Amino acid sequence: MFDIKALYEAQSISDAVRLLEEHPKARILAGGSDVLIKIREGRMAGCELVSIYGLDELRGVSLDDTDALRVGPLTSFSALENDPLIRQYICVLGQAAGTVGGPQVRNIGTVGGNVCNGVPSADTASTLLAWDAQLELTGPGGMRRSTVEEFYLGPGRTDVRPGELLTCIVFPRESYENYFGWYIKYSMRNAMDIATLGCSVNVKLSADGKHLEDVRAAYGVAAPTPIRAKKAEEAFRGAEITPELPKLFAEAIQADICPRTSWRAPEDFRRHIAGELTMRALQECIRLAGERSTK
């Protein structure tokens, strides 16, 4: 049995905002794959919940009139992995979603819940950060936008303000057009395990395919929040593509990350893994981008 004080079912986004204002201690219930576990363990016993599970307007993926890719926060990991628009434009996001938990978790868990939990190990968070995603949050004052970097305040803490809920994840056209990415998750088991470290890299090649016009790399569990390797990105933007490039870039990201020691892995091991995953992911990105440029 679940110890729940009250469950309110929102009929619309505006109704969800109203319910959250009327019940300021209530938590949002989306897929429930995390919330229900916490209630069963007693960490959220006696809580109030506002369910948004029935709001189909918060599901699915679409392109708007500016060609921005819009992802509803109630989109399940399974739906994200198999969505044709995601596969066409940001297939690495589906790739990351496919590493979450097992089939049951991926069928019920949502990308919005993964982001709003605020944990640094969230598999989709580093990819959203690497692709310059923007978050739309709707509350009593209307809609506002936040970057993923601004949204994460610390381990388990996000900038969801009173009465607010996440209503869309947006990828502007310029953040995905002609970019090619790859995500690698390192964990102790191949399934049903959280990341010891996650690495999401993407590149945009120059017209001749010989230089990195742009490179972006983001990490989970390499800092208290998902983090971008901004110093390394800046240093290698415009770099010539050589056999040594992935290794050099992997060495450079060490100045950006700050992993910690935990029972899952010590700091030096996480640093080693971050470098290895970066090198492999960048090699794959360059390969994918090069294949497309020759077609």
Side-chain angles (χ1 to χ4, degrees), residues 1-4 6-10 16 26-62 71-87 90-128 133 135 155-156 158 160 165-169 182-200 220-221 226 262-265:
M1 295 292 291
F2 294 99
D3 184 1
I4 299 172
L7 173 64
Y8 311 102
E9 294 193 39
R27 297 285 297 273
I28 292 175
L29 178 66
S33 56
D34 287 320
V35 169
L36 294 178
I37 290 173
K38 291 177 181 177
I39 295 173
R40 186 177 62 190
E41 291 176 344
R43 289 185 283 161
M44 288 177 55
C47 65
E48 295 177 277
L49 299 175
V50 172
S51 173
I52 60 172
Y53 187 78
L55 304 185
D56 287 339
E57 63 264 44
L58 297 181
R59 286 189 174 83
V61 182
S62 62
V71 179
L74 284 186
T75 306
S76 71
F77 298 117
S78 295
L80 199 62
E81 184 179 12
N82 295 300
D83 186 88
L85 289 175
I86 293 296
R87 288 190 167 189
I90 312 181
C91 60
V92 65
L93 181 57
Q95 179 190 358
T99 69
V100 177
Q104 299 94 330
V105 173
R106 292 195 293 272
N107 286 340
I108 194 67
T110 66
V111 62
N114 203 222
V115 174
C116 290
N117 276 341
V119 295
S121 59
D123 290 300
T124 60
S126 55
T127 296
L128 298 181
L135 307 179
T158 57
V160 180
L165 68 155
L166 177 64
T167 48
C168 195
I169 301 167
W182 199 252
Y183 175 75
I184 307 178
K185 170 182 179 176
Y186 181 89
S187 59
M188 297 303 178
R189 298 180 296 174
N190 290 331
M192 297 298 289
D193 199 2
I194 67 173
T196 302
L197 193 128
C199 170
S200 188
V221 211
S262 73
W263 67 271
R264 288 186 175 274

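Computed from a predicted structure; not experimentally measured. Values reported hereafter were calculated over all heavy atoms of this structure, with side chains retained and with hydrogens, waters and symmetry mates removed.
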Can you sort out the partners of [X] under side chain to side chain donor-acceptor pair (under 3.5 Å), two or more places apart, ordered by chain and number?
{"X": "Ser78", "result": "Asn107"}
{"X": "Asp123", "result": "Tyr183, Lys185"}
{"X": "Thr196", "result": "none"}
{"X": "Tyr186", "result": "none"}

- Task: Spell out, as yes or no, whether a donor-acceptor pair under 3.5 Å connects the side chain of Thr75 to the backbone of Gly60.
- Result: yes
- Check for a donor-acceptor pair, side chain of Asp83 on one end and backbone N or O of Leu85 on the other, with a separation under 3.5 Å. yes
For [X] and [Y], which heavy atoms make the closest approach, and how far apart are they?
{"X": "Gly198", "Y": "Ala195", "answer": "N-CB, 4.3 Å"}
{"X": "Ser51", "Y": "Leu7", "answer": "CB-CD1, 4.0 Å"}
{"X": "Leu74", "Y": "Ala30", "answer": "CD2-CB, 3.6 Å"}
{"X": "Arg106", "Y": "Ala97", "answer": "CD-O, 3.4 Å"}
{"X": "Ala125", "Y": "Pro226", "answer": "CB-CG, 3.8 Å"}
{"X": "Gly72", "Y": "Val111", "answer": "O-CG1, 3.7 Å"}

- Note on the structure: Per side-chain contact (heavy atoms from CB on, under 4.5 Å), Pro73 is matched among Leu58, Val115, Leu135 by Leu58
- Task: Only one of Val71, Ile169, Ile90 passes side-chain contact (heavy atoms from CB on, under 4.5 Å) with Leu128; say which it is.
- Result: Ile169
- Item | Crowding at CD, Glu9 (>12 non-hydrogen neighbours, <6.0 Å) | no
- When you look at OH of Tyr53, are more than 12 heavy atoms from neighbouring residues, nucleotides or ligands closer to it than 6.0 Å? no
- Ser200 and Ser126 side chains, donor-acceptor separation under 3.5 Å: no
Kindly indicate whether the side chain of [X], heavy atoms from C-beta on, has any atom under 4.5 Å from the side chain of [Y].
{"X": "Val221", "Y": "Arg264", "answer": "no"}
{"X": "Leu166", "Y": "Val160", "answer": "no"}
{"X": "Asn82", "Y": "Arg87", "answer": "yes"}
{"X": "Thr124", "Y": "Phe77", "answer": "yes"}
{"X": "Leu49", "Y": "Ile39", "answer": "yes"}

- Distance, nearest 0.5 Å, that separates CD1 of Ile52 from OG1 of Thr110: 7.0 Å
- Approximate separation, where rounding is to 0.5 Å, of Ile4 CD1 and Cys47 SG: 5.5 Å
- Task: Quick one: list whatever passes salt bridge (Lys or Arg N to Asp or Glu O under 4.0 Å) with Arg27, sequence neighbours left out.
- Result: none
- Partners passing salt bridge (Lys or Arg N to Asp or Glu O under 4.0 Å) against Arg59 (at least two apart in sequence or in another chain): Asp56
